[in-house]
2 protein chains.
Amino acid sequence: MYICLTMSNSKLYKGSLSTIILKLLGETDRMYGYEITQKVKVLTKGELIMTEGALYPALHKLEAEGFLDVEVVKVDNRMRKYYRLTEEGNKETSNRIADLQNYMETMQFLIKPKLTLE
Amino acid sequence: MYICLTMSNSKLYKGSLSTIILKLLGETDRMYGYEITQKVKVLTKGELIMTEGALYPALHKLEAEGFLDVEVVKVDNRMRKYYRLTEEGNKETSNRIADLQNYMETMQFLIKPKLTLE
DNA sequence: TTTTATGCATAAATAAATTATGTATATTTG
DNA sequence: CAAATATACATAATTTATTTATGCATAAAA
């Protein structure tokens with residue numbers, strides 16, 4: 001039987017995935033899909049697991065929207081698709097991060113403990 | 001022509017709505033649906049708009065899950081359905097808030113500006 | 001009297017995940 | 001050496017949670 005000690009029960013709040021992808025690509029110039037999943041896993045200490053079923057469609061969509069450029073490379077006889085931000089993708093990244101920041105501030109305000117003295 | 005100055009473009013990140021509902025009910029003992037939408041609108045200065053199409057199904061679901069009790073009241077000849085947290089709902093509220101807090105911390109860590117000196 | 005506000009509800013459409021597969025190669029392990 | 005695990009992509013089916021679009025009804029405001 002398999003005991004999972006560092007359970008990542010935290011499902012993604014829908015809408016944040018592509019922002020994470022963009023942000024990572026904003027830092028690292030070019031990355032391939034599998035690399036992104038691993039990076040997120042390491043950075044969040046297993047807290048956030050990016051499933052491939054979510055990741056790859058998200059990458060394809062971002063590419064179709066013109067935010068990513070792709071470059072196929074063969075390494076060790078295995079395929080890699082490297083993605084990098086386009087000019088547009090760069091702007092989009094800033095916008096989405098700002099949106100998410102703003103949203104999180106709002107949420108923080110809503111769910112922060114309230115003093116109930118009245 | 002209608003010019004919207006304080007545009008709330010911020011769509012809800014899916015998964016956070018019911019947490020907001022629970023949190024508000026954790027503060028205010030009992031509230032009815034419409035009241036919740038207005039409260040959120042005021043608290044967030046129009047930043048977050050809870051659509052009724054999302055709110056009412058969410059309330060019904062929380063009730064079905066045993067987290068809310070309902071009490072129907074007629075005020076000014078109009079119906080109100082007051083919701084309040086059950087015992088279970090109280091626990092669930094704490095859990096969901098903790099989850100969301102945790103998720104937001106993780107996200108903050110991921111999207112915070114990085115110093116790229118290496 | 002028409003619009004806006006109050007108050008509920010639900011159906012259809014959309015979006016974005018999860019889950020479950022599938023293919024293929026490389027590496028590690030027993 | 002065989003089997004399991006890691007690497008690396010992909011897609012289809014399903015699930016979930018929204019938005020959008022309605023609908024009904026009463027009260028108040030314009």
Side-chain angles (χ1 to χ4, degrees), chain A residues 2 7-22 30-42 46 48-65 67-68 70-83 96 99-100 103 107, chain B residues 2 7-22 30-42 46 48-65 67-68 70-83 96 99-100 103 107:
Chain A
Y2 176 65
M7 183 78 143
S8 89
N9 30 0
S10 82
K11 308 275 184 183
L12 278 173
Y13 283 78
K14 296 183 188 180
S16 41
L17 180 89
S18 56
T19 306
I20 299 174
I21 296 174
L22 291 171
R30 70 170 203 174
M31 297 180 87
Y32 56 100
Y34 188 75
E35 188 184 7
I36 293 176
T37 64
Q38 299 309 301
K39 181 107 179 182
V40 167
K41 198 193 283 185
V42 170
L48 232 74
I49 299 298
M50 241 185 217
T51 64
E52 293 171 296
L55 174 76
Y56 291 114
L59 284 172
H60 300 160
K61 190 176 182 209
L62 289 169
E63 190 197 345
E65 289 167 328
F67 300 136
L68 301 183
V70 67
E71 185 184 347
V72 181
V73 176
K74 204 147 196 176
V75 178
D76 278 335
N77 208 35
R78 264 201 249 91
M79 181 181 47
R80 280 184 192 170
K81 290 177 78 172
Y82 278 99
Y83 291 93
R96 295 214 195 180
D99 281 354
L100 187 51
Y103 187 78
M107 285 302 297
Chain B
Y2 176 67
M7 183 79 141
S8 89
N9 30 2
S10 82
K11 308 273 185 184
L12 280 172
Y13 284 78
K14 296 183 189 181
S16 41
L17 180 89
S18 55
T19 306
I20 300 175
I21 296 174
L22 290 172
R30 69 171 204 175
M31 296 180 85
Y32 56 99
Y34 187 75
E35 188 184 6
I36 293 175
T37 64
Q38 298 310 300
K39 181 106 180 183
V40 168
K41 198 194 283 184
V42 170
L48 233 74
I49 300 298
M50 239 185 217
T51 63
E52 293 172 295
L55 174 75
Y56 291 113
L59 284 171
H60 300 160
K61 191 175 180 209
L62 289 169
E63 191 197 343
E65 289 167 328
F67 301 136
L68 301 184
V70 68
E71 183 184 348
V72 182
V73 176
K74 204 149 199 175
V75 178
D76 276 336
N77 209 34
R78 265 201 247 92
M79 181 182 45
R80 280 183 192 169
K81 288 177 80 172
Y82 278 100
Y83 292 92
R96 295 214 195 180
D99 281 353
L100 187 51
Y103 188 77
M107 286 302 297

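In what follows, every chain begins at residue 1, and chains take the letters A, B, ... in the order their sequences are listed.
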- Query: Roughly how many Å is it from CG in A:Leu48 to C1' in C:dA17, rounded to a whole number?
  - Reply: 12 Å
- Among D:dA6, D:dT20, C:dA16, find the nucleotide with the atom closest to the side chain of A:Tyr34. D:dA6
- Output yes when at least one side-chain N/O atom of B:Lys81 is less than 4.0 Å from OP1 or OP2 of C:dA9, else no. yes
- Residue-phosphate contact under 4.0 Å: B:Asn77 side-chain N/O, D:dA25 OP1/OP2: no
- Message: Between P on C:dG7 and CE on B:Met50, what's the gap in Å once rounded to a whole number?
- Response: 16 Å
- The residue, B:Ala54 or A:Asp76, whose nearest nucleotide of DNA chain C is more 5′ is B:Ala54
- Note on the structure: B:Lys39 atom NZ is separated from C:dA5 atom C1', nearest whole Å, by 19 Å
- Message: Rounded to whole Å, how long is the line connecting atom OH of A:Tyr83 with atom P of D:dA8?
- Response: 14 Å
- Query: Reckon B:Gly53 touches a base, only the sugar-phosphate, or nothing at all at heavy-atom distances under 4.0 Å?
  - Reply: base
- Message: Heavy atoms only, 4.0 Å cut-off, all strands: where does A:Tyr13 land among base, sugar-phosphate and nothing?
- Response: nothing
- Looking only at side-chain N and O atoms, does B:Tyr32 come under 4.0 Å of OP1 or OP2 in C:dG7? yes
- Message: C:dC8, OP1 or OP2 - any side-chain N/O from B:His60 closer than 4.0 Å?
- Response: no
- Message: Just the rounded figure in Å: distance from C1' of D:dA21 to CD of B:Glu52.
- Response: 12 Å
- Which word best sums up how the rings of B:Tyr32 and B:Tyr82 line up, parallel for under 30°, tilted for 30 to 60°, or perpendicular for over 60°? perpendicular
- Starting from the C-alpha separation in whole Å, work towards a yes-or-no answer on side chain to side chain contact (heavy atoms under 4.5 Å, CB included) for B:Arg96 and B:Ser18. CA-CA 9 Å; B:Arg96 295 214 195 180; B:Ser18 55; 2.6 Å; yes
- Nearest heavy-atom approach of A:Arg30 to A:Glu35 is O-OE1, 4.3 Å
Listed pairs under 3.5 Å, donor-acceptor, residues 48-60 of chain B side chains, sequence neighbours left out:
from, atom 1, to, atom 2, distance (Å)
B:Thr51, OG1, B:Ala54, N, 3.4
B:His60, ND1, B:Tyr56, O, 3.3

- Show your working on side chain to side chain contact (heavy atoms under 4.5 Å, CB included) between B:Leu22 and B:Leu68 and close with a plain yes or no. CA-CA 9 Å; B:Leu22 290 172; B:Leu68 301 184; 4.2 Å; yes
- Message: Classify B:Arg78 by what it touches in the nucleic acid, base, sugar-phosphate, or nothing, heavy-atom distance under 4.0 Å.
- Response: base
- Query: Does B:Ala58 or A:Gly33 map to a spot on DNA chain D nearer the 5' end, using the closest nucleotide for each?
  - Reply: A:Gly33
- Figure out the CD1/C1' separation between B:Ile36 and C:dA9, and round it to whole Å. 15 Å
- Message: Could you tell me how far apart A:Ile49 (CD1) and C:dA20 (P) are, to the nearest whole angstrom?
- Response: 16 Å
- Under 3.5 Å, is there an N or O donor on one side and an acceptor on the other linking the side chain of A:Lys14 and the base of D:dT16? yes
- Query: Would you say C:dA9 has OP1 or OP2 under 4.0 Å from some side-chain N or O of B:Tyr56?
  - Reply: no
- Identify whether any heavy atom of B:Ser16 sits under 4.0 Å from a base atom; if not, whether one sits that close to sugar-phosphate; answer base, sugar-phosphate or nothing. sugar-phosphate
- Are any of the side-chain heavy atoms of A:Ile20 and B:Met107 separated by less than 4.5 Å? yes
- Item | Separation of atom CG in B:Leu55 from atom P in D:dT18, rounded to whole Å | 10 Å
- Do the side-chain N or O atoms of B:Lys74 get closer than 4.0 angstrom to the phosphate oxygens (OP1, OP2) of C:dG7? no
- For C:dA16, take OP1 and OP2 only and decide whether either is under 4.0 Å from a side-chain N or O of A:Lys61. yes
